[in-house]
Amino acid sequence: MGTVDTLNQTTTQTTSTERVTGADAVVRILLEEGVDMLFGYPGGAIMPVYDSLYDYREQIHHVLARHEQGASHAAQGYARASGKVGVCLATSGPGATNLITGLADAQIDSTPLVCITGQVPSGLLGSDAFQETDVIGISMPVTKWNYQVTRAEEIPEALAKAFYLARSGRPGPVLVDITKDAQFEEFDFEYKKCTSIRSYVEKPALDLAKVEEAAELINNAKRPYVLFGQGVILAHAEKEFKAFIEKTGIPSAWTIMGLSALETDHPLNVGMLGMHGNYGPNLLTNECDILIAIGMRFDDRVTGNLSKYAKQAKVIHMEIDPAEIDKNVKTDVAVLGDAKESLQELIKRVKPNSHEEWLQRFRDCDKQEHEKVIQDELYPTSDILSMGEVIRLINENTGGDHILVTDVGQHQMVACRYSKFTQSKSNITSGGLGTMGFGLPAGLGAALGAPDRTVIAVVGDGGFQMTLQELATIYQTKAKVKVLLLNNEFLGMVRQWQQLFFDKRYSATEMINPDFQQMVKGFYIPTNKVTKREELEAAVKEFIEFDGAYFLEVMVGKENNVFPMVPSGSGVAEIRLE
Amino acid sequence: MVPLEQEFTITAYTENHVGLLHRLTIIFTKRKINIESLTTSESEMEGVHRFTIAVTETEEVIQKVVKQIEKQVEVLKAGYYKREEVVQQELALYKIPTESLTNSLEVELIVREHNARFLTIEKDFVVIEKAGYRRETVALFEDLQPYGINEFVRSGRIAVARQEYGLGKQVKELLGEEVDG
Ligand SMILES: Cc1ncc(C[n+]2csc(CCOP(=O)(O)OP(=O)(O)O)c2C)c(N)n1
């Protein structure tokens with residue numbers, strides 16, 4: 001049967017054979033995989049599946065996004081907030097191509113997504129039929145795996161593999177494209193979940209000798225330093241991670257994807273890495289003697305110029321994906337495997353320690369950063385409102401148990417820098433792709449994926465206008481997402497670069513915006529707008545306390561900048577405080 | 001110090017899966033690496049395919065590329081060899097006019113000297129076949145050129161490791177098959 005390999009799977013579950021259509025099989029499989037919510041948009045080539053969904057509308061809630069890109073970002077937000085696989089449905093051609101940005105985003109940020117697209121009937125494949133595109137070809141570079149189904153009987157194995165691959169190992173997006181005739185075709189349905197594929201290594205086996213080596217280095221280190229990424233969250237290793245740093249007393253800094261894996265106020269949490277990260281975490285990267293990277297991939301936004309990155313340090317890299325080892329930074333000890341298992345073994349072998357003097361260095365840097373940047377950002381003395389003070393007020397009003405979803409730009413950097421978190425899986429952002437338009441739909445998905453938590457989507461006036469039609473989806477689904485628009489009437493981040501590196505030539509970055517208040521009212525969502533500091537505190541309080549979706553617009557400084565900054569091409573130690 | 005580019009042969013044992021060729025070539029396209037030749041065929045194991053990819057690059061880049069190849073879901077095992085670590089061959093076909101044979105013995109001599117052979121002799125053309133290293137197939141091309149080459153084709157590189165077992169042994173172990181010897 002096809003080329004989906006039967007040999008590769010172990011049976012864990014069997015339903016008795018029954019004759020059903022391919023479309024019906026798709027929906028039954030979604031149920032078997034525990035899907036109770038999916039995000040999508042109908043169209044000709046996926047109509048049979050939509051027709052089947054109608055029969056199961058009590059069990060599976062379909063969220064009708066207003067654009068397939070919105071559906072894929074919403075599914076990402078849902079997946080990141082809930083820890084489950086996000087599922088998207090789209091029709092062939094334009095429906096499928098609209099998903100691509102979300103797939104690329106999910107691929108680089110390791111978010112588990114299963115996308116199911118309809119395709120023209122198999123007899124028309126390759127004929128440039130109406131709404132035919134080579135979705136397999138187009139999505140290949142941005143998926144962990146994809147597969148085209150042309151016969152109904154291939155559906156169970158293809159989807160079983162899809163779910164298994166999306167959620168196992170290093171998670172990622174997968175896509176299954178199903179021709180319309182395969183959706184109509186009847187076959188003897190039987191479902192087995194996939195638990196292994198012979199050519200696929202879920203996670204490398206832990207090599208205890210490497211753990212020993214790492215422990216030895218850590219035990220002898222004078223200035224050890226931990227960098228943690230999303231790998232800690234994906235491996236559910238938050239507890240082990242904390243135990244490890246507490247036992248060894250090692251200062252730890254996060255990548256934007258690792259944010260919230262460790263509570264912000266933890267004494268060993270020294271802050272954010274990277275281009276707009278904190279001063280100490282960047283500067284002291286070039287002073288540590290051992291650099292311990294856990295579940296992060298040394299993205300260039302984190303490392304800056306590689307030839308000036310941590311050259312003095314021995315590097316320990318704990319990572320699930322072998323292809324990440326030595327990709328950007330040369331490793332001295334690579335501990336391959338799942339972060340949870342690796343940390344469990346490592347904790348047994350490290351000696352209790354504290355690195356007070358070394359930690360004090362971070363605190364000293366923090367003090368400098370406070371004086372030069374943070375104080376004025378959080379408590380500005382001018383009349384102009386800052387992004388930072390809005391985020392401070394959010395912290396004060398939520399107590400840190402909220403989920404922060406951000407779009408891309410200055411507001412993203414400010415929100416991530418200053419938000420305080422008390423629990424994991426609280427920060428949802430487009431880290432690797434930097435996708436404007438991510439915030440609003442991802443916020444919608446997060447609110448649906450974690451209905452008991454307060455979800456705040458922080459967006460800029462630029463990115464908001466890329467996917468704002470999803471306000472309609474928010475209204476229709478009653479998702480309790482709170483949208484905070486930090487409006488600087490500029491494509492702020494680009495304007496900042498133009499100011500600093502292009503001689504203030506503000507080419508195509510000024511935005512003459514619509515009346516957002518009127519517009520949001522048109523989507524029946526309660527709104528408020530703040531232009532003066534006196535109004536801010538009460539407005540933020542109401543924003544947080546309101547039970548339901550709410551839109552708050554704050555007019556912030558038009559030409560405020562985000563500092564510190566590691567200019568691109570510079571080394572991390574060349575971080576600028578002003 | 002500029003890292004040295006050299007000739008590498010990448011080998012990948014894979015499932016036979018539609019689209020895998022595309023997935024593998026993307027890895028090269030993304031890094032703007034030119035594939036010199038690529039051949040794919042069944043391997044010594046039933047149902048397992050083998051890709052042989054020839055590239056000139058630095059070893060550091062090749063290591064990263066191989067990891068990316070091995071990361072693909074349908075790839076069982078991937079590895080790379082330096083030039084001296086493989087026994088490699090290419091196959092070349094040369095089509096020349098039959099009249100160049102009838103006029104003199106020279107072509108026959110050339111074919112014999114190069115250890116090539118006539119694959120077919122037709123009324124208007126003959127086809128000569130030569131297996132060997134790239135430099136050998138090129139040498140024959142140059143010698144035949146004066147007689148007029150109507151068509152010429154060369155296969156991609158195929159190669160096996162210069163050791164008792166290559167990567168295939170690991171693949172067999174992975175699949176839990178008996179490795180004889
Ligand atoms: C889809 C997309 N297009 C372009 C960019 C480049 N880009 C990065 S930040 C930015 C400006 C964002 O402006 P805005 O949404 O107003 O947020 P601000 O920086 O002002 O907070 C742009 C254009 C991008 N990241 N994504």
Side-chain angles (χ1 to χ4, degrees), chain A residues 2-8 104 107-108 110 125 134-150 154 157-158 161-162 164-166 168-170 172 174-177 194 196-204 319-331 334 336, chain B residues 1-3 10-33 40 42-43 45-51 58-80 167-168 170-177:
Chain A
T3 45
V4 178
D5 203 330
T6 10
L7 294 171
N8 301 347
Q107 169 90 334
I108 198 159
S110 309
L125 281 173
D134 174 14
V135 176
I136 293 298
I138 296 175
S139 65
M140 206 168 261
V142 293
T143 48
K144 182 172 172 181
W145 184 77
N146 63 7
Y147 187 77
Q148 185 171 64
V149 167
T150 48
E154 292 175 286
E157 286 194 34
K161 272 187 161 182
Y164 168 64
L165 287 169
S168 72
R170 181 176 180 173
V174 302
L175 182 143
V176 177
D177 190 41
C194 175
S196 77
I197 295 172
R198 70 175 189 179
S199 57
Y200 170 75
V201 182
E202 198 171 307
K203 49 189 171 196
E319 172 56 51
I320 195 166
D321 179 356
E324 291 298 342
I325 304 296
D326 294 337
K327 189 178 85 177
N328 300 326
V329 170
K330 264 261 172 261
T331 304
L336 282 172
Chain B
M1 201 184 69
V2 186
I10 296 172
T11 295
Y13 283 85
T14 76
E15 301 288 0
N16 181 13
H17 182 84
V18 180
L20 185 57
L21 174 63
H22 189 177
R23 252 185 202 281
L24 298 190
T25 53
I26 286 169
I27 294 167
F28 294 84
T29 321
K30 241 179 123 175
R31 291 171 178 73
K32 208 163 185 230
I33 298 172
T40 169
E42 284 222 322
S43 72
M45 284 154 277
E46 204 188 315
V48 176
H49 267 237
R50 177 172 176 161
F51 283 74
T58 64
E59 185 160 9
E60 203 191 326
V61 170
I62 293 294
Q63 281 169 349
K64 292 179 190 180
V65 162
V66 166
K67 282 185 189 173
Q68 292 294 335
I69 292 176
E70 198 160 73
K71 185 173 158 173
Q72 303 309 314
V73 169
E74 280 90 4
V75 174
L76 292 149
K77 205 86 209 161
Y80 70 93
L167 270 187
Q170 293 171 42
V171 180
K172 280 188 188 160
E173 281 163 3
L174 192 88
L175 300 182
E177 285 179 20

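Chain letters run A, B, ... following the sequence lines, proteins first, then strands; residues in each count from 1. From a predicted model like this one, the values you see are computed outputs, not experimental measurements.
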Step through the shown structure and confirm whether more than 12 heavy atoms of other residues, nucleotides or ligands are within 6.0 Å of CD on A:Glu202. yes
dist A:Tyr147:OH -> B:Glu74:CD (nearest 0.5 Å) comes out at 9.5 Å
In short, A:Ser199 meets B:Glu15 closest at the heavy-atom pair OG-CG, 3.7 Å
Could you report the tightest heavy-atom contact between A:Ile325 and B:Lys67, atom names first, then the distance? O-NZ, 2.7 Å
Under 4.5 Å heavy-atom distance to chain B, tell me which part of A:Asp326 shows up: side chain, backbone, both or neither. both
Heaviest contributor of heavy-atom pairs below 4.5 Å to chain A, chosen from B:His22, B:Arg23, B:Gln68, B:Lys71, is B:Arg23
Pick one: which of A:Asn146, A:Leu165, A:Val201 meets side-chain contact (heavy atoms from CB on, under 4.5 Å) with B:Val73? A:Leu165
Under 4.5 Å from a heavy atom of chain A, the part of B:Val171 involved: neither
What part of A:Pro322 gets within 4.5 angstrom of chain B, counting heavy atoms only: side chain, backbone, both, or neither? backbone
Contacting moiety of B:Leu174, where chain A heavy atoms sit under 4.5 Å: side chain
